[in-house]
Amino acid sequence: MTSCAASVSQNARTGDDGKEKGAKPITLDNGEGKAKGIVTYPGGDRVDWKLIELPEKTMGTLSFELKWVPPRPGLQLSFDVFDEWGQEIVQSKKQGKGRKVRIRTAEIERAVGKYYLRIYAVNRGDAGKYTMTVDFKAGDGIIDWAKIDIPDPPRLAAVPVEIEACDDFNFDPKKPECRTFCPAANAPPGWPPCASKCPDPPDPAKQACWDKVCPAPPTTASKMCMSNPKKYFPPCPSPTTIDPDNPNCPKNAPPISTRVVDISQQGNDVLITLPVGSERGVTTDWKGTLLRGDSTDALDGGEIQIVRVAAKQTLGKVHLTPDQVNRNLKAKLTPPAR
């Protein structure tokens, strides 16, 4: 089992230069200066601040170039520049397209006084060893300005912490992201998300477990019960007993062969009485037909419509004449398919 690394705050291991008040100076020698360092978001040292002081009463063009070497391809650094009052002056730009570019630049015209340079890893996971080059070319003009205390510039926004989805390996009922998750094991008693899921070990009283265990009494809704009906269900009371809740009993009753014992005319139809009824399982949804003579073949037009069923008799109706019935007294009753 593996686990994800813990999230590290962007400034967990930063030094004094992680804030603008601890900015390290970049000394200009003949208008040029360099600074080297490392910034790493996952290492908790996301930001380095630098301070650049231009010669007094001098105005000119201040140029910046940031180059870096990442621990793996595609990681990005950036920088921006603030004046001594905390106002952002310029943001760096890439020199090219794509994540393979490792150069960013910026330029300030008519630059005077002090500037704060913020170098940082752009996104979670970014890091790199950098070289910052500063170039100042003085121009014409003399500046006289009052020195003012430097306010704090805006904080660099942190990348939102990614919330790890709850699973069987990191389940913790105290985590908000686990409140709707049911683990495979070790859920607290009565844990609501597990109400419709089978616990470990399986509980036969829960329907969610019926694929794994057979409840008592057994039920055809359980895959485990139906996997071995002879083991889990009782024997059928008789070969003709129809019990849909017991797979050991036949699904359909066998057909019944019988004979007409009484005939009566009713309008254009003939009512016939058969000496079998509900004691043999006959119901009004059974089908029947008269058979031709002494054969086992169905008589054309001899379909029987069952009108009423008693314990020992069934009353049916046929669209034949009494003479036709008298010549074909054998009948067959068939139960509906289930």
Open item on the list: With a 4.0 Å cut-off on N to O distance, would you call R118 and E20 a salt bridge?
Closed with: no
Task: Atom CD of E177 with >12 non-hydrogen neighbours under 6.0 angstrom - done: yes
Task: In one Ile/Leu/Val/Met/Phe/Trp/Tyr side-chain cluster, 4.5 Å: I119, L75 - done: no
Open item on the list: Using modelled atom types and a 3.5 Å cut-off, is there a donor and acceptor pairing between side-chain atoms of W210 and backbone atoms of P204?
Closed with: yes
Task: D262: side-chain hydrogen bond (donor to acceptor under 3.5 Å, both in side chains) partners, not counting sequence neighbours - done: none
Open item on the list: Strictly distance-based, threshold 3.5 Å: is any side-chain N or O of Q324 a donor or acceptor partner for the main-chain N or O of T321?
Closed with: yes
Open item on the list: What's the separation between atom CD1 in I256 and atom CZ in R280, rounded to the nearest 0.5 Å?
Closed with: 4.0 Å
Task: Student check: side-chain heavy atoms of K212 and C198 closer than 4.5 Å - done: yes
Open item on the list: In the structure I gave you, are the side-chain heavy atoms of L320 and L299 within less than 4.5 Å of one another anywhere?
Closed with: yes
Open item on the list: Run the salt bridge (charged side-chain N to carboxylate O under 4.0 Å, His left out) test against K93 and tell me which residues pass, sequence neighbours left out.
Closed with: none
- [ ] Keeping the roles fixed (side chain from R46, backbone from V122), state whether a donor-acceptor pair exists under 3.5 Å.
- [x] yes
Open item on the list: Please check this pair: side chain of T314 against backbone of V276, looking for a donor-acceptor N/O pair closer than 3.5 Å.
Closed with: yes
Task: Considering all heavy atoms, the nearest P215-C225 contact - done: CD-SG, 3.6 Å
Task: Trace of the side-chain contact (heavy atoms from CB on, under 4.5 Å) decision for I304 with L290 - done: CA-CA 7 Å; I304 301 171; L290 293 177; 4.1 Å; yes
Open item on the list: Quick check on the hydrophobic clustering: are F181 and W191 connected, directly or via other members, by side-chain heavy-atom contacts under 4.5 Å?
Closed with: yes
Task: F64 and L117: CA distance, side-chain angles, deciding distance, side-chain contact (heavy atoms from CB on, under 4.5 Å) verdict - done: CA-CA 10 Å; F64 305 87; L117 180 63; 4.2 Å; yes
TODO: Can you sort out the partners of T133 under side-chain hydrogen bond (donor to acceptor under 3.5 Å, both in side chains), two or more places apart, ordered by chain and number?
DONE: none
- [ ] Determine whether V213 and C209 make a side-chain contact, defined as any pair of heavy atoms from C-beta on separated by less than 4.5 Å.
- [x] yes
Open item on the list: Is it the case that the side chain of D126 and the backbone of N123 share a donor-acceptor pair, with hydrogens and angles ignored and the cut-off at 3.5 Å?
Closed with: yes
TODO: Check whether more than 12 heavy atoms from other residues, nucleotides or ligands sit under 6.0 Å from atom NZ of K287, and answer yes or no.
DONE: no
Open item on the list: Quick one, N326 with I263, criterion side-chain contact (heavy atoms from CB on, under 4.5 Å). Give me CA distance, side-chain angles, the key distance, then yes/no.
Closed with: CA-CA 8 Å; N326 278 317; I263 303 171; 3.1 Å; yes
TODO: Verify the neighbour count for atom NZ of K312: are there more than 12 heavy atoms of other residues, nucleotides or ligands below 6.0 Å?
DONE: no
Task: Stepwise side chain to side chain donor-acceptor pair (under 3.5 Å) check, T105 with Q95 - done: CA-CA 7 Å; T105 61; Q95 296 303 301; 2.6 Å; yes
- [ ] Say whether I89 and F136 are linked into one hydrophobic cluster, either directly or through other cluster members, by side-chain heavy-atom distances under 4.5 angstrom.
- [x] yes
Open item on the list: Donor-acceptor check, side chain of R104 to backbone of S92, threshold 3.5 angstrom: yes or no?
Closed with: yes
TODO: Could you tell me the separation between the CE atom of M132 and the CH2 atom of W68, rounded to the nearest 0.5 Å?
DONE: 10.0 Å
Open item on the list: With ring-ring contact (aromatic ring centres under 6.0 Å, His included) as the test, pick out the partner of F82 among W49, Y115, Y116.
Closed with: W49
TODO: Considering only Ile, Leu, Val, Met, Phe, Trp and Tyr, and joining two whenever side-chain heavy atoms are under 4.5 Å apart, list the other residues clustered with Y232.
DONE: M224, M226, F233
- [ ] Say whether L315 and L333 are linked into one hydrophobic cluster, either directly or through other cluster members, by side-chain heavy-atom distances under 4.5 angstrom.
- [x] no
TODO: Over all heavy atoms of both residues, which pair between A35 and K50 is shortest? Give the atoms and the distance, please.
DONE: CB-CE, 4.2 Å
TODO: Report yes if the side chains of T273 and V260 come closer than 4.5 Å at any heavy-atom pair, otherwise no.
DONE: no
Task: Atom pair CG (D285) and OG1 (T283), whose distance is rounded to the nearest 0.5 Å - done: 3.5 Å
TODO: Tell me, yes or no, whether the heavy-atom count around Q265 atom CD, taken from other residues, nucleotides or ligands under 6.0 Å, exceeds 12.
DONE: yes
TODO: Any chance you could measure C166, atom SG, to R179, atom CZ, to the nearest 0.5 Å?
DONE: 11.5 Å
Task: Inter-residue atom distance C236.SG - N248.CG, 0.5 Å rounding - done: 7.5 Å
Open item on the list: What I'd like to find out is whether the side chain of I103 reaches to under 4.5 Å of the side chain of E65, using heavy atoms alone.
Closed with: yes
Task: Gap between atom CD of E88 and atom CG of D83 - 0.5 Å precision - done: 10.5 Å
Open item on the list: A side-chain contact here means heavy atoms from C-beta on lying under 4.5 Å apart; do V325 and V318 qualify?
Closed with: yes
Open item on the list: Hydrogens and angles aside, do D269 and H319 bring a side-chain donor and acceptor to less than 3.5 Å of each other?
Closed with: yes
TODO: Using side chain to side chain contact (heavy atoms under 4.5 Å, CB included) as the criterion, list what pairs up with P244, not counting sequence neighbours.
DONE: none
Open item on the list: What I'd like to find out is whether the side chain of C214 reaches to under 4.5 Å of the side chain of S227, using heavy atoms alone.
Closed with: no
Task: Of E32, K137, E107, the residue whose pairing with S63 passes side-chain hydrogen bond (donor to acceptor under 3.5 Å, both in side chains) - done: E107
Open item on the list: Less than 4.5 Å apart, side chain to side chain, heavy atoms only: is that true for L51 and K114?
Closed with: yes
Open item on the list: For a quick test of reading the model, state the closest non-hydrogen atom pair linking P229 to P247 and the distance between them.
Closed with: CB-CG, 3.7 Å
Open item on the list: Taking NZ in K206 as the centre, count heavy atoms belonging to other residues, nucleotides or ligands within less than 6.0 Å. Is the count above 12?
Closed with: yes
Open item on the list: Main chain of V39, side chain of D48: is a donor-acceptor contact present, judged purely on distance under 3.5 Å?
Closed with: no
Task: Donor-acceptor pair, side chain of T219 and main chain of S222, under 3.5 angstrom - done: no
- [ ] Evaluate whether atom CG of D294 has more than 12 neighbouring non-hydrogen atoms of other residues, nucleotides or ligands under 6.0 angstrom away.
- [x] no
Open item on the list: Is it the case that the side chain of D167 and the backbone of N170 share a donor-acceptor pair, with hydrogens and angles ignored and the cut-off at 3.5 Å?
Closed with: yes
- [ ] Determine whether L291 and L274 fall in the same hydrophobic cluster, where Ile, Leu, Val, Met, Phe, Trp and Tyr are linked whenever their side-chain heavy atoms lie under 4.5 Å apart.
- [x] no
Open item on the list: Using modelled atom types and a 3.5 Å cut-off, is there a donor and acceptor pairing between side-chain atoms of D135 and backbone atoms of G33?
Closed with: no
- [ ] For residues V134 and L62, report the shortest heavy-atom separation together with the two atoms involved.
- [x] CG1-CD1, 3.5 Å
- [ ] Could you tell me which residues satisfy side-chain hydrogen bond (donor to acceptor under 3.5 Å, both in side chains) with R292, sequence neighbours excluded, listed by chain and number?
- [x] D297
Task: Verdict with supporting geometry, L28 and I52, side-chain contact (heavy atoms from CB on, under 4.5 Å) - done: CA-CA 8 Å; L28 298 179; I52 301 163; 4.2 Å; yes
